[in-house]
Peer 1: 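Take a look at the following structure, please.
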Amino acid sequence: MTKIIKGGNLPVPGQVWRIAVVRRAPGGGVPEVEASALLLDASGRVRGDGDLVFYNQLTHPSGAVRHIGQVRDEEQRVADWLEIDTALVEPGVQRIAITASSEDGTFGRVPGLHIRTISAGTGEQLALYEVDDASTETAFVLGEFYRREGAWKFRAVGQGWDSGLVGLAEDFGIVGRDPETEAEAAPDDEPVHDDEPASSGASPEAIPEELLSKVREAEAAAGAASVRTTPRVPVQRPPRTGPQSDAELFGQDFPEFVRSGEGKADITVDVPIPAGYVVVESARRGDGYFAVHSIDGKGDSDALLANTVMKDQGARRVLRYDGKAPLRLRVSAYGEPWTIAVRPVSTVEILDGTAEGRGSDVLLYTGPAGLLSSRLRTRLGFEWFNVHGYEPDGRDHLLANEASRFPRETRPLPEGPLLVQLVSADGDWTLKVRPPKENRFWRRASR
């Protein structure tokens with residue numbers, strides 16, 4: 001077997017090859033990875049959606065490329081296997097790209113990622129390429145098979161994308177998005193209002209350089225990850241009714257705690273709270289810097305629960321409380337009146353179909369697995385929209401993470417119950433739950 005580096009190539013004799021995309025098995029912080037193949041023409045583009053072989057389309061119409069299964073070993077390694085029969089590759093196909101993608105994590109968290117090419121006829125291992133420079137990518141072209149002077153060669157590519165399989169495939173010409181989702185998206189020529197400063201909550205990889213300095217200044221001043229910049233308006237929806245069993249999976253009921261004050265203060269919540277999730281809602285009058293943190297046993301600030309410099313700002317966030325010591329909160333303000341409330345999860349409103357609101361909020365989703373379409377309208381020129389979903393055991397699902405003029409995304413929504421937390425939503429937001437069938441092309445087929 002020949003080991004090659006990124007950019008290296010070598011001939012691969014024979015007619016049928018088997019390709020293994022190998023990595024550490026998922027779990028313990030390692031995300032799930034899927035292998036796929038793209039059949040490309042001389043221009044480097046697919047000829048149609050059929051030229052993608054992936055988890056929902058396991059065999060190319062020509063039969064030339066197949067996804068033949070997945071195996072795991074006792075060393076916690078897993079490999080997806082693909083097979084290429086060059087005798088069946090159509091003349092219009094000049095390259096076959098072997099890719100890997102992850103829907104729930106980056107490749108910097110995937111140890112041991114490599115690709116092996118094996119002769120199906122002799123079992124000889126022909127080529128090995130190890131990826132050793134992965135970081136924030138969610139999709140990779142690991143290698144490619146290409147025609148050269150009547151023969152086939154293999155090249156180690158190692159090119160990454162941060163937009164997952166959907167973004168990678170679209171760059172090669174695949175059209176598989178949900179048309180209804182695209183039709184509802186805000187047009188790019190929607191007017192932009194630049195009369196307020198841009199939000200400083202986006203990640204450094206996503207925001208322009210001129211905004212990055214504002215992020216760093218805010219983080220240095222506040223010791224926080226985001227600065228909220230628009231007033232929160234309460235969500236206008238019917239109150240929660242019906243069985244409470246889903247909410248009780250996150251935490252039992254307890255007496256509500258409400259405290260008002262002005263300026264800086266440390267608060268000890270003096271009502272009995274069982275271990276589990278709690279809702280911390282904050283509201284203040286006036287402007288200037290305002291933040292709320294939980295405090296750990298040493299008196300240091302812990303989880304960020306509110307953070308803003310805007311007038312009449314508030315937030316509703318969930319906090320996972322261990323129940324071992326009284327819950328303590330630290331309010332940082334400059335002379336303006338504020339109110340803090342700690343409430344059980346049973347007070348959270350239900351996400352059922354479509355929900356609308358403004359600012360940081362939390363909803364309870366109790367339905368089946370599907371898709372969550374999220375959209376943010378803001379008066380700012382550039383905004384970060386970030387939504388997470390928390391399971392009762394603390395598992396975290398990223399449901400939206402977009403920084404742009406008009407943030408909008410559609411991502412898989414796990415089966416409920418799930419606490420849907422709008423972490424950064426500086427503007428008017430809309431969430432819409434969709435059944436999986438509305439995005440048939442990209443929806444994972446059951447194994």
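Keep in mind that the numbers below use all heavy atoms, side chains included, and drop hydrogens, waters and symmetry copies.
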Peer 1: I need the minimum non-hydrogen distance between Gly50 and Pro61, along with the two atoms involved.
Peer 2: O-CD, 3.5 Å
Peer 1: Mind checking the CD-OG spacing from Gln125 to Ser119? Nearest 0.5 Å is all I need.
Peer 2: 11.0 Å
Peer 1: Does the side chain of Leu38 come within less than 4.5 Å of Phe54's, by heavy atoms?
Peer 2: no
Peer 1: Quick one: are Gln15 and Asp85 in side-chain contact, heavy atoms under 4.5 Å?
Peer 2: yes
Peer 1: Leu168 and Ala139: which non-hydrogen atoms are nearest, and at how many Å?
Peer 2: CD1-CB, 3.7 Å
Peer 1: For the residue pair Leu165 and Ser36, what are the closest heavy atoms and their distance?
Peer 2: CD1-OG, 3.7 Å
Peer 1: Side-chain contact, heavy-atom cut-off 4.5 Å: Asp162 with Glu137?
Peer 2: no
Peer 1: Is there a donor-acceptor contact under 3.5 Å from the side chain of His397 to the main chain of Arg395?
Peer 2: no
Peer 1: Checking Tyr146 against Leu40 for the side-chain contact (heavy atoms from CB on, under 4.5 Å) test, could you report, in this order, the C-alpha distance in whole Å, the side-chain angles of both residues, the deciding distance, and whether it holds?
Peer 2: CA-CA 9 Å; Tyr146 62 100; Leu40 310 174; over 6 Å; no
Peer 1: Between Lys298 and Asp296, is there a salt bridge with N-O shorter than 4.0 Å?
Peer 2: no
Peer 1: Quick check against the 3.5 Å criterion: does Arg66 have a side-chain atom that pairs as donor or acceptor with the backbone of Trp81?
Peer 2: no
Peer 1: In Å and rounded to the nearest 0.5 Å, what is the OG1 to CD1 distance from Thr117 to Ile84?
Peer 2: 7.5 Å
Peer 1: Between the main-chain N or O of Pro368 and the side-chain N or O of Tyr365, is there a donor-acceptor pair closer than 3.5 Å?
Peer 2: yes
Peer 1: Can you check whether Ser360's main-chain N or O pairs, donor with acceptor, with Arg317's side chain at less than 3.5 Å?
Peer 2: no
Peer 1: Flag the pair Leu364 / Phe250 as yes when at least one side-chain heavy-atom distance between them is below 4.5 Å, and no otherwise.
Peer 2: yes
Peer 1: Taking all non-hydrogen atoms of both residues into account, name the closest pair between Leu10 and Ala127 and its distance.
Peer 2: CD2-CB, 3.8 Å
Peer 1: Evaluate the side-chain proximity of Phe107 to Val33: yes if any heavy-atom separation is below 4.5 Å, no if none is.
Peer 2: yes
Peer 1: Do Phe140 and Val131 have side-chain heavy atoms sitting under 4.5 Å apart?
Peer 2: yes
Peer 1: Assess the pair Phe154 and Trp17: is the distance between their ring centroids shorter than 6.0 Å?
Peer 2: no
Peer 1: Checking side chain to side chain contact (heavy atoms under 4.5 Å, CB included) against Val362, which of Val280, Val318, Val423 comes through?
Peer 2: Val318
Peer 1: Might you point out which heavy atoms bring Ala100 and Leu142 nearest each other, and give the distance in Å?
Peer 2: CB-CD1, 4.0 Å
Peer 1: Work out which heavy atom in Glu402 is nearest to a heavy atom in Arg408; give both atom names and the distance.
Peer 2: CG-N, 3.9 Å
Peer 1: Donor-acceptor pair, distance only, cut-off 3.5 Å: does the side chain of Glu409 make one with the backbone of Asn401?
Peer 2: yes
Peer 1: Please indicate whether Asp300 has more than 12 foreign heavy atoms, meaning atoms of other residues, nucleotides or ligands, lying under 6.0 Å from its CG.
Peer 2: yes
Peer 1: Does the side chain of Thr138 come under 3.5 Å of the side chain of Ser102 through a donor N or O and an acceptor N or O?
Peer 2: no
Peer 1: Using only heavy-atom distances, determine whether the side chains of Thr136 and Thr106 contain a donor-acceptor pair under 3.5 Å.
Peer 2: no
Peer 1: Looking at CG of Asp361 and CD of Glu281, how far apart are the two atoms once the value is rounded to the nearest 0.5 Å?
Peer 2: 7.5 Å
Peer 1: Walk me through whether Glu130 and Leu128 qualify under side-chain contact (heavy atoms from CB on, under 4.5 Å).
Peer 2: CA-CA 7 Å; Glu130 297 177 340; Leu128 168 67; 4.1 Å; yes
Peer 1: Which residue, Val387, Asp104, Asn386, forms the side chain to side chain contact (heavy atoms under 4.5 Å, CB included) with Leu398?
Peer 2: Asn386
Peer 1: Closer than 3.5 angstrom, by distance alone: can the side chain of Gln252 be matched with the main-chain N or O of Leu249 as a donor-acceptor pair?
Peer 2: no
Peer 1: Find the distance between CH2 (Trp152) and CD (Glu144) and round it off to the nearest 0.5 Å.
Peer 2: 10.0 Å
Peer 1: In sequence, state the C-alpha distance, the side-chain angles, and the governing distance for Leu305 and Ser282, and then conclude on side-chain contact (heavy atoms from CB on, under 4.5 Å).
Peer 2: CA-CA 8 Å; Leu305 302 170; Ser282 58; over 6 Å; no
Peer 1: Would you say CZ of Arg343 has more than 12 non-hydrogen atoms from neighbouring residues, nucleotides or ligands within 6.0 angstrom?
Peer 2: yes
Peer 1: Does a salt bridge link Arg23 with Asp80, judged by any charged N lying under 4.0 Å from a carboxylate O?
Peer 2: yes
Peer 1: Before giving the answer on side-chain contact (heavy atoms from CB on, under 4.5 Å), spell out for Asp132 and Lys6 the whole-Å C-alpha distance, their side-chain angles and the decisive distance to 0.1 Å.
Peer 2: CA-CA 10 Å; Asp132 57 7; Lys6 181 187 292 189; over 6 Å; no
Peer 1: Is the closest side-chain heavy-atom distance between Val16 and Glu83 below 4.5 Å?
Peer 2: yes
Peer 1: Can you tell me how far the CG atom of Asp73 sits from the CD atom of Glu75, to the nearest 0.5 Å?
Peer 2: 5.0 Å
Peer 1: Using side-chain hydrogen bond (donor to acceptor under 3.5 Å, both in side chains) as the criterion, point out the one residue from Gln57, His60, Arg45 that pairs with Asp51.
Peer 2: His60
Peer 1: Quick check: does any side chain N or O of Arg47 sit under 3.5 Å from a backbone N or O of Val93, one acting as donor and the other as acceptor?
Peer 2: no
Peer 1: Nearest 0.5 Å, what's the CZ-CG distance between Arg377 and Asp428?
Peer 2: 9.0 Å
Peer 1: With a 4.5 Å heavy-atom cut-off, do Leu371 and Leu413 have their side chains touching?
Peer 2: no
